[in-house]
Asks: 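Dropping the structure in here first, questions after.
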Amino acid sequence: LTPSVDFTLLLWFRPDAWTGGGFVMPLWSWSDNPKTKGYDVSIDDTAGNAIRIQSRTTTSQTTTLGASLSKWQCLVLSQGGTYGMETRFLLVTFNDDGSVYSTQREFFSAATGGASTGPTRAQRVSDSAALTATMEWGKIRTSANYYDGKFGQFAFFTRSMTASEMERI
């Protein structure tokens with residue numbers, strides 16, 4: 001898979017236990033070592049089991065979207081933007097019978113001329129060209145933290161998606 005400046009990630013997961021103790025439980029990582037380029041997506045148990053994305057070493061966005069224990073969840077995360085990261089999150093949680101338990105959405109945006117919420121497109125282009133790391137699930141290569149649970153389907157799209165496109169996949 002070739003690195004991409006803008007992308008959309010679809011990931012099904014079901015946490016079996018929280019690792020506890022103020023850890024960030026990694027779901028997906030695509031970063032170099034010592035994590036100066038790329039992305040990590042995780043569950044932050046210091047923030048109410050919120051979904052979080054981190055880019056590079058300094059920029060992270062922790063959402064208000066809370067992951068649920070022992071329930072299948074579909075996370076769709078779309079990353080793009082010219083002036084900084086514009087990130088859309090969609091988290092749908094399901095009951096055991098397949099019915100929808102909850103649907104949560106959140107959007108972060110970097111305004112033109114305003115404070116950036118992450119690397120600019122030019123920085124992401126440079127990072128992507130130099131990123132040779134492999135994708136990892138359930139761990140981050142520079143951390144002992146781990147994810148305790150199951151993974152289902154995974155899809156990676158090499159473009160960002162609108163909110164309505166995310167709802168359809």
Side-chain angles (χ1 to χ4, degrees), residues 1-15 24-31 37-56 58-69 71-125 127-128 131 135-138 140 147 149-169:
L1 182 64
T2 303
S4 173
V5 175
D6 295 345
F7 65 87
T8 300
L9 167 75
L10 177 140
L11 177 64
W12 282 84
F13 65 98
R14 181 186 172 111
V24 173
M25 295 166 284
L27 293 173
W28 172 77
S29 176
W30 187 19
S31 60
K37 300 173 181 68
Y39 303 92
D40 298 321
V41 176
S42 56
I43 300 170
D44 187 348
D45 79 349
T46 65
N49 300 317
I51 302 295
R52 174 185 114 138
I53 184 170
Q54 180 172 349
S55 63
R56 295 180 149 207
T58 58
T59 305
S60 67
Q61 297 168 333
T62 302
T63 69
T64 60
L65 282 61
S68 297
L69 196 61
K71 290 187 181 296
W72 277 105
Q73 289 145 94
C74 180
L75 172 67
V76 185
L77 181 153
S78 187
Q79 180 78 61
T82 300
Y83 301 99
M85 293 190 305
E86 295 177 359
T87 311
R88 288 183 174 80
F89 294 88
L90 171 65
L91 181 64
V92 182
T93 304
F94 295 88
N95 292 309
D96 288 337
D97 66 3
S99 62
V100 173
Y101 174 77
S102 68
T103 302
Q104 304 171 68
R105 297 170 187 84
E106 194 154 345
F107 177 64
F108 293 95
S109 178
T112 304
S116 175
T117 59
T120 64
R121 174 162 279 142
Q123 290 168 323
R124 293 194 319 269
V125 166
D127 285 357
S128 293
L131 184 59
M135 291 186 190
E136 298 178 297
W137 290 266
I140 298 172
Y147 165 76
K150 297 171 184 67
F151 287 109
Q153 182 181 12
F154 171 82
F156 189 86
F157 304 88
T158 56
R159 68 178 187 87
S160 60
M161 292 188 184
T162 65
S164 62
E165 288 174 315
M166 291 170 62
E167 296 274 346
R168 290 193 302 269
I169 63 168

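Numbers here are sequence positions counted from 1.
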Asks: Measuring from atom CZ of F107 to atom OG1 of T87, what distance do you get when rounded to the nearest 0.5 angstrom?
Replies: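 With rounding to 0.5 Å, CZ (F107) is 8.0 Å from OG1 (T87).
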
Asks: Is the count of non-hydrogen atoms from other residues, nucleotides or ligands lying under 6.0 Å from Y101 atom OH greater than 12?
Replies: no

Asks: Which atom pair, heavy atoms only, marks the closest approach of P26 to S42?
Replies: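 So the minimum-distance heavy-atom pair works out to CA-CB, 3.8 Å.
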
Asks: Side-chain contact, heavy-atom cut-off 4.5 Å: D96 with W72?
Replies: no

Asks: Determine, step by step, whether I43 and F13 satisfy the side-chain contact (heavy atoms from CB on, under 4.5 Å) criterion, reporting the C-alpha distance in whole Å, the side-chain angles of both residues, the deciding distance to 0.1 Å, and the verdict.
Replies: CA-CA 11 Å; I43 300 170; F13 65 98; 3.9 Å; yes

Asks: If the test is ring-ring contact (aromatic ring centres under 6.0 Å, His included), which one of F154, W28, F94 qualifies with W12?
Replies: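 With W12 as partner, ring-ring contact (aromatic ring centres under 6.0 Å, His included) holds for just one option, F94.
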
Asks: Drop me the distance from L69's CG to R14's CZ, to the nearest 0.5 angstrom.
Replies: 8.5 Å

Asks: Would you call T103 and L90 a side-chain contact if the rule is heavy atoms closer than 4.5 Å?
Replies: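 Sidechains of L90 and T103: in contact.
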
Asks: Would the distance check show the side chain of T63 and the main-chain N or O of I51 forming a donor-acceptor pair, the cut-off being under 3.5 Å?
Replies: yes

Asks: So which atom in L75 and which in F89 form the shortest heavy-atom distance, rounded to 0.1 Å?
Replies: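 The pair with the smallest heavy-atom distance is CD1-CD2, 4.4 Å.
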
Asks: State whether R159 and E165 are salt-bridged, where the test is any N-O pair (Lys NZ or Arg NE/NH1/NH2 against Asp/Glu carboxylate O) under 4.0 Å.
Replies: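 Yes, R159 and E165 are salt-bridged.
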
Asks: Between atom OG1 of T93 and atom CD of Q104, what is the distance when rounded to the nearest 0.5 Å?
Replies: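 The CD atom of Q104 is 5.5 Å from OG1 of T93, to the nearest 0.5 Å.
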
Asks: List in chain and number order the residues that pass side-chain contact (heavy atoms from CB on, under 4.5 Å) with T64, two or more places apart in sequence or in another chain; answer none if no residue qualifies.
Replies: E106

Asks: Rounded to the nearest 0.5 Å, what separation is found between the CG atom of L9 and the CZ atom of F157?
Replies: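 Interatomic distance, L9 CG to F157 CZ, rounded to 0.5 Å: 9.5 Å.
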
Asks: Looking only at non-hydrogen atoms, find the nearest pair between F151 and L27 and report the distance.
Replies: CZ-O, 3.5 Å

Asks: After noting the C-alpha distance and the side-chain angles of V76 and R88, does the key distance pass the side-chain contact (heavy atoms from CB on, under 4.5 Å) rule?
Replies: CA-CA 8 Å; V76 185; R88 288 183 174 80; over 6 Å; no

Asks: Can you name the nearest heavy-atom pair linking L77 to M166, along with the distance?
Replies: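 So the two residues come closest at N-CE, 4.3 Å.
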
Asks: Judged by atom type as modelled, is there a donor-acceptor pair below 3.5 Å linking the side chain of D97 to the main-chain atoms of S99?
Replies: yes

Asks: Would you call E167 and R105 a salt bridge, taking side-chain N to carboxylate O under 4.0 Å as the test?
Replies: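 A salt bridge links E167 with R105.
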
Asks: With rounding to the nearest 0.5 angstrom, report the CG to OG distance, D6 to S78.
Replies: 7.5 Å

Asks: Do side-chain atoms of Q73 reach the backbone of L91 as a donor and acceptor pair under 3.5 angstrom?
Replies: no

